[in-house]
Amino acid sequence: MKPLRPSKNPFLGATEMAPTDHLALPFFDAAHRSLGGALAAWVPQQQIDEQDDRAACRAWVRALGDAGWLRYCVPAAFGGALPALDSRALVVLRETLAYHSPLADFAFAMQGLGSGAITLAGSPAQQAAYLPAVARGDKIAAFALSEADAGSDAGAMKTIATQVHATGARGQNDTQATGFVLDGSKTWISNGGIADYYCVFAKTAPEAGTRGISAFIVDANTPGLDASEHIAVMAPHPLATLRLAQCQLPASALLGELHGGFKLAMRTLDIFRASVAAAALGMARRALAEAVAYARARPMFGQQLADFQLTQAKLGEMAALVDAAAVLTYRAAWLRDCVGTDSPAQAQAYTAAAAMAKMTATENAQRVIDMALQMHGGMGVRVGTKVESLYRDIRSLRIYEGATEVQQLIIGKSVLKTLPASPAPSAG
Ligand code: COS
């Protein structure tokens, strides 16, 4: 067998640039290829100490903003790089960032998710006040939907926004609200405690279910907002519980239509679900690169680990899982960019494709990373090796922004709606 190229130090792992060959696929155009190439060269040059996740996240936002990468989170009219949010650019950015640093990817992604609802439904004044600052990295953004008893069942939220009327009366008279008072609690809020503002979803008509939810922009310094309860997780990143006690908001804080918040949240999540898939893909590609580097270098029974058919079979399975995730992820992004979501049928097709991508890419990445860790043997569980941190980093992606089970539900509902009631009769 042809000797395999050993790396100098197998325990340092695969440190080269993120791969870019996949950008040759027809889902992408020349601009995506050049974006991916430039970012892949930029990220490894950054020296950000990630020991303190909050400080690191701020530093990544600063670096990503200064270098212009955050401009892909907002449209050109508000300081963005492209006329509209481009799903393929988001996918390229997140995959490449996650390959090197899941925390860099997190910092980037939250700028997008935390400003997405403003891009989709903000008033011109809201867009001007927040989006350029997000694109520069001057404002840190956050998206506050989940509650202790309302995660997958987002419509079950209890946080309430009571309308205040000119007379000082409180109620649900939709026409004369001069402001709102927010009461409740949100949890699992990424960037909680370091964000400059939060897009908060709250009930404005509690009896109306998902049709009685509205979105608000809540500045971090709003009296009554407390984001000091940090949540520690297995792959540290800024996360907190928000307490909202009698937070007084002006009428201008309402984001989008009154009672239109649930759909706005779903539309925002839809855009970014394909990019969560891309982040998982970046981590899976990195795990595969680590496994290949290790297998080539590790001597065992008089040959290298990579010389064993068992190893080659595993690497083959990992590569196929990565490519399957890649194709679904790129298809979802391409559908949104190139087919659009204007008609109900298009929107339905994209929602299902994004759910398939998110489910498959995160689940496959978990398997690929687990296999890469297993291949590393004892080194795989040693704190400080890349596969060990990837093993922790990937886990939450199967849960946040719609758990795998929610994606299954979305895909299943879509299949029931779109497939014919009975299969065509067979010719025989
Ligand atoms: N885009 C636009 N509108 C959407 C939508 C989408 N992707 N998904 C649902 N809607 C609309 C529906 O069309 C429906 O509209 P009408 O009231 O006009 O009929 C409304 O929203 C309610 O939809 P549905 O009845 O499907 O809502 P459910 O309460 O059954 O919830 C799931 C459906 C489970 C899919 C939804 O709650 C969900 O995505 N949950 C996960 C939330 C999540 O990602 N949490 C993590 C938070 S961020 S880390």
Side-chain angles (χ1 to χ4, degrees), residues 87 105-106 109-110 112-117 120-121 141-159 185-192 195 198-215 231 233 235 237-242 256-277 279-280 332 335-336 340-359 362 395-418:
S87 286
D105 164 62
F106 168 87
M110 290 318 302
L113 186 66
S115 64
L120 288 174
F143 181 82
L145 179 69
S146 298
E147 298 187 4
D149 293 331
S152 293
D153 185 6
M157 68 178 64
K158 292 199 181 81
T159 295
S185 175
K186 294 280 166 186
T187 195
W188 309 117
I189 307 308
S190 292
N191 279 344
Y198 300 84
C199 285
V200 176
F201 296 82
K203 288 259 163 92
T204 36
E207 72 294 344
T210 55
R211 293 184 176 193
I213 291 170
S214 302
I231 305 170
V233 283
H237 63 273
L239 198 65
T241 293
L242 306 186
E257 285 176 22
L258 186 68
H259 311 319
F262 187 81
K263 283 186 190 177
L264 180 55
M266 293 301 117
R267 285 170 60 213
T268 308
L269 287 170
D270 258 1
I271 296 178
F272 291 96
R273 267 182 191 147
S275 78
V276 181
L335 264 179
R336 184 170 174 278
T341 55
D342 292 343
S343 76
Q346 289 170 340
Q348 168 94 24
Y350 168 70
T351 296
M356 281 188 201
K358 204 250 173 196
M359 177 183 79
T362 57
R395 191 61 185 84
S396 62
L397 275 70
R398 290 170 54 206
I399 299 172
Y400 73 58
E401 290 183 46
T404 291
E405 293 73 13
V406 167
Q407 309 310 330
Q408 289 171 331
L409 204 67
I410 293 171
I411 300 162
K413 279 185 182 178
S414 168
V415 167
L416 285 170
K417 259 190 208 163
T418 51

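The structure displayed is predicted, hence computed values, not measured ones. Whatever order the structure lists them in is the order used to number ligands and atoms, beginning at 1.
- The residue from Ala154, Gly151, Ala144 that puts a heavy atom closest to atom 45 (N) of ligand 1 is Gly151.
- Two residues are said to be in side-chain contact when any heavy atoms from C-beta on lie closer than 4.5 Å; Asp270 and Thr341 fail this criterion.
- Checking Phe201, Phe272, Tyr198 one by one against Phe143, the side-chain contact (heavy atoms from CB on, under 4.5 Å) holds for a single residue, Phe201.
- Only the side chain of Phe262 comes within 4.0 Å of ligand 1, judged by heavy-atom distances.
- For atom 32 (C) of ligand 1, no protein non-hydrogen atom is found at a distance below 4.0 Å.
- Each of the atoms 43 (C), 44 (O), 46 (C) of ligand 1 lies under 4.0 Å from some heavy atom of Gly402.
- The two residues Gly155 and Ile213 come nearest to each other via the heavy atoms CA-CD1, 4.0 Å.
- Nearest protein heavy-atom contact of atom 47 (C) of ligand 1 is Ser146 OG, 3.4 Å.
- Annotation: atom 49 (S) of ligand 1 to nearest protein heavy atom, Glu401 N, 3.3 Å.
- Interface of Asp270 with ligand 1, defined as ligand atoms under 4.0 Å from a residue heavy atom, comprises 1 (N), 6 (C), 7 (N).
- For ligand 1 and Lys413, the ligand atoms under 4.0 Å from any heavy atom of the residue are 26 (O), 30 (O).
- Interface atoms of ligand 1 facing Ser152, defined by a heavy-atom separation under 4.0 Å, are 34 (C), 37 (O), 38 (C), 40 (N), 41 (C), 42 (C).
- Looking at atom 10 (N) of ligand 1, its nearest protein heavy atom turns out to be Met266 CG, 4.3 Å.
- The shortest distance between side-chain heavy atoms of Thr187 and Leu239 does not fall below 4.5 Å.
- For the atom pair Thr362 OG1 and Glu401 CD, the distance stands at 11.0 Å (nearest 0.5 Å).
- Here the CZ-CD distance, from Arg211 to Glu207, works out to 13.0 Å after rounding to the nearest 0.5 Å.
- For ligand 1, the atoms closer than 4.0 angstrom to any heavy atom of Thr210 are 22 (C), 29 (O).
- For atom 35 (C) of ligand 1, the closest non-hydrogen atom on the protein side is Ile410 CG1, 3.7 Å.
- Atom 40 (N) of ligand 1 is flagged as protein-proximal [any protein heavy atom, distance under 4.0 Å].
- Atom 2 (C) of ligand 1 has its closest protein heavy atom at Arg267 CG, 3.7 Å.
- Looking at every heavy atom in both residues, Asp105 comes nearest to Ala279 through OD2-CB, 3.3 Å.
- Here is the list of ligand 1 atoms found below 4.0 Å of a heavy atom in Arg273: 39 (O), 44 (O).
- For atom 3 (N) of ligand 1, the closest non-hydrogen atom on the protein side is Lys263 CG, 3.8 Å.
- Listed by number with element, the atoms of ligand 1 under 4.0 angstrom from any heavy atom of Arg211 are 16 (P), 17 (O), 18 (O), 19 (O).
- Using a 4.5 Å heavy-atom threshold, the side chains of Phe106 and Pro238 count as touching.
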(request) Check step by step if side chain to side chain contact (heavy atoms under 4.5 Å, CB included) holds for Thr351 and Lys413. (result) CA-CA 11 Å; Thr351 296; Lys413 279 185 182 178; over 6 Å; no
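- With values rounded to the nearest 0.5 angstrom, Asn191 atom CG is found 8.5 Å from His237 atom NE2.
- You'll find the side chain of Ser185 reaches within 4.5 Å of the side chain of Thr241, heavy atoms only.
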